[in-house]
Amino acid sequence: MSRYIFVTGGVVSSLGKGIAAASLGAVLEARGLKVTMLKLDPYINVDPGTMSPLQHGEVYVTADGTETDLDLGHYERFVKSCSNLTRNNNFTTGRIYADVIAKERRGDYLGATIQVIPHITDEIKLRIVEASQGFDVTLVEIGGTVGDIESQPFLEAARQLKFELGSTRALLMHLTLVPFIATAGETKTKPTQHSVKELRSIGLQPDILVVRSDHEIPKSAIEKIALFTNVEPSAVIPLTDSDTIYKIPVMLNDEGLDQIILKKFGLDAQLADLDDWKSVVQNQLNAKNVIKLKMVGKYMDLSDAYKSLNEALIHAGIRTLTHVDVEFIDSVIIEADGVSVLEDADAILVPGGFGERGFEGKVIAAGFAREKNIPYLGICYGLHAAVVDIARNKANLSRADTTENNIDTPHPVIGLVTEWTGQDGMKNERNKDSDMGGTMRMGAQSCHLEKDSKAFQIYKQQEIWERHRHRYEVNNNYIEILEDAGLKVAGRSADKSLVEVIEYKDHPWFVASQFHPEFTSSPRDGHPLFTSFIEAALICQTGK
């Protein structure tokens, strides 16, 4: 029988519920428990796949090809038993309503009037219970802020489950903000009191409060919070801002949060061994090297747009004792002002993306890295940019392009598979009515590396599995021309029909992949491709 910890947030958004929940999961796992995690998102979208990264941050992709909330990335990075989460670990209000309506249309409810209670809440409870099978503890993070109208069905489902299962099998952990008013020199507990009052108004009493602040919270404030929220003082857990999120498992353990939970659940477990997390923090905060990395993307207004990528670079820095100083550069700026912003780079990374805006800046960045022998890592759209650069500037295909941006290009070196596999060699008509959320190559797929490639040297194995999220592919009709120009196909799909990894032959480190390796990087293990990339940047820096 799984135990359930429901995680909610109050006062303001962006308190770090996902990181706090993932950190708690890491501590419980370190105590020998088998942990899984779910994220319930209150927005109406069926999934975040069609949402702008500027609106919601990155779209995280699970091994089974599900487009999910970025918090699932935190879960997989922190908790090893969550390293292969599935579509069952993230669902939205839109998904719940779509499935309930589909059941109603089929007649599954036998003519009943469909209502939020019980039909929507029963669907939510069913999914939570199904996802928890085989695990000792299930952490369920409910998105949004308590008081939002969108999240009420999820909170009601949590209330019902708590009531049905009892206090030894379900508890509620609530995160709030405890602000410090600098002009008064005081810590204020009233926002937390009001947040708990909001919870109580819908029938939920928190068992644990995690109170966030950028200042140390005095004991008197903790006692006041406990008194006015009816939470045991020992279960009011202060969590101040940290210089690295990877300290948080140790911080929560030091505050005794895991012990409180085990006591409430009536569970016995081994002491937590967090030495691996302490080593991660030690290496991150005591770097011996610094490199300047330029990330040339198109969603630079929000760091969450490249959350997993930023974390993967931190992980590579942990592995190499290097502080990776990432400078985010909007590719549109390069289009307008040229490559001067790249001249002091020790490494250049061009991440994934969609659409025409800023693509030419990415092509220019790939060409600059190729010409100046600067280590280059291209991911998804970064591979497309590198192929277009090589085609234009080394293969004499000056009007080469991707059909994503120019359907009339005479040299479609990147295109939809259907555009370059027709028997007559002509572009096939696109399906204008296609569902944007269902037309991509998604999830973990096999890639076979060439033994004489740098990628094989990095991975040290011929078959690898990495996660994908893209529509457009390298046009096989141009492979021979591109290879004559210096491009090397270093990896192909399992059936050898699609290009997965390219390199540039006359370059110390120039690698680009169709897949997204950042999704399988973790702070304790890193990822070989990013580690090698940062090592190459250190060599480049030494050469300068």
Within 6.0 angstrom of Glu463 CD, more than 12 heavy atoms from elsewhere: yes

Does Glu232 have more than 12 heavy atoms from other residues, nucleotides or ligands lying within 6.0 Å of its CD? no

For the pair Thr189 and Gln193, evaluate side-chain hydrogen bond (donor to acceptor under 3.5 Å, both in side chains) and give the outcome as yes or no after the intermediate values. CA-CA 6 Å; Thr189 66; Gln193 295 177 46; 2.9 Å; yes

[X] [atom1] to [Y] [atom2] distance, which is reported to the nearest 0.5 Å:
X      : Y      : atom1 : atom2 : answer
Lys190 : Lys197 : NZ    : NZ    : 9.5 Å
Ile19  : His74  : CD1   : NE2   : 4.0 Å
His323 : Ile314 : NE2   : CD1   : 9.0 Å
Leu126 : Ile96  : CG    : CD1   : 9.0 Å

Using atom types as modelled and distance alone, determine if a side-chain donor or acceptor of [X] lies under 3.5 Å from a backbone N or O of [Y].
X      : Y      : value
Ser532 : Leu529 : no
Ser213 : Ile217 : no
Asn310 : Tyr306 : yes
Arg467 : Ala444 : no
Thr92  : Val46  : yes
Asp136 : Lys34  : yes
Ser201 : Glu198 : yes
Thr542 : Leu538 : yes
Ser23  : Ala21  : no
Thr93  : Pro42  : yes

For Ser132 and Tyr4: C-alpha separation, side-chain torsions, deciding distance, then whether side-chain hydrogen bond (donor to acceptor under 3.5 Å, both in side chains) applies. CA-CA 9 Å; Ser132 71; Tyr4 298 87; 2.6 Å; yes

Sequence neighbours left out, what pairs pass salt bridge (Lys or Arg N to Asp or Glu O under 4.0 Å) with at least one residue falling in [range]?
range            : value
residues 160-175 : Lys125-Glu164, Lys162-Asp207
residues 19-33   : Arg31-Asp258
residues 149-159 : Glu156-Arg159

Partner set under side-chain hydrogen bond (donor to acceptor under 3.5 Å, both in side chains) for Thr229, not counting sequence neighbours: none

side-chain hydrogen bond (donor to acceptor under 3.5 Å, both in side chains) against Gln205, all qualifying residues, sequence neighbours excluded: Arg200

Under the salt bridge (charged side-chain N to carboxylate O under 4.0 Å, His left out) test, which residues partner [X], sequence neighbours left out?
X      : value
Lys294 : Glu327, Asp344
Glu500 : Arg441
Arg77  : none
Glu130 : none

Test: Arg87 and Asp47 ion pair at under 4.0 Å: no

Basic-acidic side-chain contact under 4.0 Å: Asp346, Lys292: no

Kindly say whether the aromatic ring centers of [X] and [Y] come within a distance under 6.0 Å.
X      : Y      : answer
Phe533 : Trp509 : yes
His527 : Tyr459 : yes
Phe519 : His468 : no

Apply the salt bridge (charged side-chain N to carboxylate O under 4.0 Å, His left out) test between Asp69 and each candidate in Lys307, Lys39, Arg95; give the one that qualifies. Lys39

Working for ring-ring contact (aromatic ring centres under 6.0 Å, His included), residues His315 and Tyr246: CA-CA 11 Å; His315 305 161; Tyr246 300 125; 5.8 Å; yes

Checking Ser308 against Glu58 for the side-chain hydrogen bond (donor to acceptor under 3.5 Å, both in side chains) test, could you report, in this order, the C-alpha distance in whole Å, the side-chain angles of both residues, the deciding distance, and whether it holds? CA-CA 8 Å; Ser308 292; Glu58 76 168 3; 2.5 Å; yes

Qualifying residues under side chain to side chain contact (heavy atoms under 4.5 Å, CB included), relative to Pro218, sequence neighbours excluded: Thr187, Ser220, Ala221

What side-chain donor-acceptor pairs closer than 3.5 Å can you find for residues 267-276, not counting sequence neighbours?
residue : atom : partner : partner atom : Å
Gln270  : NE2  : Ala30   : O            : 3.3
Asp273  : OD1  : Asp275  : N            : 3.2
Asp276  : OD2  : Arg524  : NH1          : 2.9

Does a donor on one side chain sit under 3.5 Å from an acceptor on the other, for [X] and [Y]?
X      : Y      : answer
Tyr60  : Glu67  : no
Glu216 : Thr240 : no
Thr138 : Ser2   : yes

Taking the side chain as every heavy atom from C-beta outward, state whether Leu72 and Glu76 have any atom pair closer than 4.5 Å. no

Glu123/Tyr97 under side-chain hydrogen bond (donor to acceptor under 3.5 Å, both in side chains): CA gap, chis, key distance, verdict: CA-CA 9 Å; Glu123 185 72 18; Tyr97 273 84; over 6 Å; no

Which ring-ring contact (aromatic ring centres under 6.0 Å, His included) pairs, counting each pair once, include a residue from residues 263-286, with sequence neighbours left out? Phe78-Trp277

Exactly one of Val231, Val178, Thr176 clears side-chain contact (heavy atoms from CB on, under 4.5 Å) with Ile225, and that residue is Val178

